[in-house]
Amino acid sequence: MKYTSTRSNETVNASLAILNGLAKDGGLYVPESIPTLDLNALKDTSYQSLAFEILSLFLDDFNKEDLKQTINSAYNENNFSHESITGLRKYNDNTYFLELFYGKTSAFKDQALSLYPYLLKLAMKEHDIDHLSILTATSGDTGKAAMEAISDVEGLSIAVLFPKDGTSFIQKLQMQSQKGNNVYPLAIEGNFDDAQSAVKEFFLKHQDLPITSANSINIARLLPQIVYYYDLVHRLNTVKPINVYVPTGNFGNILAAFIAKEMGLPIQKLIVCTNNNNVLYEFFKTGVYDISTKTFEVTHSPSMDILISSNLERMLYFMFKDKEKVAGWMEDLKNKKRFQLSKSELQKLQETFDTQMCTNECTYEAIQEVYEASNILIDPHTATALPQDESEALNVIVSTASPYKFPKLYNKLFNLNSKDDFYILNKIDELTDEPYPPFIKELETIDVRFNQNIKLEEIESVLKEFIIKEAKL
Ligand SMILES: *Cc1c(COP(=O)(O)O)cnc(C)c1O
């Protein structure tokens, strides 16, 4: 399987696609074709076995034994507190929650990032690379999950850029207390888009440095996410059509669902769920992606606060298979801050995708509604994905984070009147059936190791210094 850029004919093998992260022309790597996999033809349907079947299709030049070992090292009881890796919880007759937050950092990013360092090491071995620094922009969850996975792994170091006021208190504390001698969380004086742009720019400018990215632009992030959609359909075991509601930011999670559908998995509709930062909602309604009129808002669901949704580019490529067009759209987005599909292109998108948006008020009400109806406490990201329309299908809401990561709203829900996040978390533990994740509980007494803020214009020199020190250049 070869990987090619969404914007030009640049083509590499899987290990180079993982090492490079972003294509040289600024595009994203995509597999040259999407393989098919019939769920019914599989005998062993354990999570690990599904992961192996799926990943060996996409990473066919990796040694099969290495791949198997890698998968077993990532998906086990040390890294996931749910015996099935993910949870599947019934909400009502037509609705389930697919819970993706049983990894070490309590957000769905653990699903891919617990595998990521192993894949990276295999790719490095193939190319005789001793040391790599990973640069990652985060709105809170990716950075922590990546640092947790990479902490003290030999041959790897990681710097994480996050908006100093754009994450939850718990997310920030998780990052600033990260253990390990090869980790470097950096609070920047800007928002998530500033962080993401700074990282992208750094990559394009410093292609000579030994660096890669753990952001969801890396195919090593994307591919492992296909697995839980296969696992979901297997566990649902239904003849009803299945619709999947995905809280969406950078479009990585829902893109994995799209690829699974293209591989032959019976999913009917994919619903792109947004918060008040609704550029994707407008795009799927009108075919116009326009950030020229938008300002970035900080919402109850910070991991979805985004204007430029990187992985959308991959979906546009898969949908229309026209690199020139994709390159043109991305050029328009860069220069005119907008691009536009034709009517027929929009129609084609809408055959597969639907969309909904949920304001802060809607988010709170959804949490309240679900709790009152079922005693299930959902997090604010998951809340944006509560179906807003009736349908005949079986609806699956993708639960992307544990409620313990985002305690603010439960203060009001449970009338606690507290400003102390840990008091709120302990109350959640007391009042609900949701288990208090041990890696969040330990934050109550943990030491902050990193607390400096850096200005946007300092990012380049700070990163350069870090890379040179870590790689011993
Ligand atoms: C990252 C994240 C999202 C958005 O996922 P994308 O793959 O970027 O669309 C949603 N919810 C939570 C909790 C996240 O951490």
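We count ligands from 1, going down the list as the structure has it; atoms in each ligand are counted the same way.
If you number the atoms of ligand 1 from 1 as listed, the ones under 4.0 Å from a heavy atom of K109 come out as 1 (C), 2 (C), 3 (C), 14 (C), 15 (O). Of all atoms in ligand 1, numbered sequentially from 1 with element shown, those under 4.0 Å from a heavy atom of A401 are 13 (C). Counting atoms of ligand 1 from 1 in the listed order, those under 4.0 Å from a heavy atom of T248 are 9 (O). If you number the atoms of ligand 1 from 1 as listed, the ones under 4.0 Å from a heavy atom of G252 come out as 6 (P), 7 (O), 9 (O). Of all atoms in ligand 1, listed by their number and element, those nearer than 4.0 Å to a heavy atom of N250 are 6 (P), 8 (O), 9 (O).
Using cut-offs of 30° and 60° on the angle between ring planes, the pair F466 and Y184 is parallel. Ring geometry for F108 versus Y228: interplanar angle over 60°, hence perpendicular rather than tilted (30 to 60°).
Ionic pairing of K179 and E148 is not present here: no N-O contact between side-chain nitrogen and carboxylate oxygen is shorter than 4.0 angstrom. A salt bridge between K334 and E313 is absent, with no side-chain N of the basic residue lying under 4.0 Å from a carboxylate O of the acidic one. Between K269 and E351 there is no salt bridge, since no side-chain N of the basic residue sits under 4.0 Å from a carboxylate O of the acidic one.
Across the listed options A107, S301, P247, S106, P247 owns the non-hydrogen atom lying nearest to atom 10 (C) of ligand 1.
Distance from atom 9 (O) of ligand 1 to its nearest protein heavy atom, with residue and atom name: G249 N, 2.8 Å. Protein heavy atom closest to atom 7 (O) of ligand 1, with residue, atom name and distance, is N253 N, 2.8 Å. Looking at atom 11 (N) of ligand 1, its nearest protein heavy atom turns out to be T400 OG1, 2.9 Å.
Other residues, nucleotides and ligands place no more than 12 heavy atoms under 6.0 Å from the NZ atom of K336. No more than 12 heavy atoms of other residues, nucleotides or ligands shown are found within 6.0 angstrom of CG on D433.
Taking only nitrogen or oxygen atoms, main chain and side chain alike, F251 reaches within less than 3.5 Å of ligand 1. Checked by distance only, ligand 1 and D379 stay at 3.5 Å or farther apart across all their nitrogen or oxygen atoms. The distance criterion of under 3.5 Å between nitrogen or oxygen atoms is not met by F406 with respect to ligand 1. Considering both main-chain and side-chain atoms, H381 never comes within under 3.5 Å of ligand 1 through any nitrogen or oxygen pair.
K405 forms no cation-pi arrangement with F101, by the criterion of a distance under 6.0 Å to the ring centre and an angle within 45° of the ring axis.
With a 4.0 Å heavy-atom cut-off, ligand 1 is reached by the side chain of D141 but not by its N, CA, C or O.
Considering Y281, F251, F339 as possible partners of Y289, the one that fulfils the ring pair (Phe, Tyr, Trp, His ring centres under 6.0 Å) test is F339.
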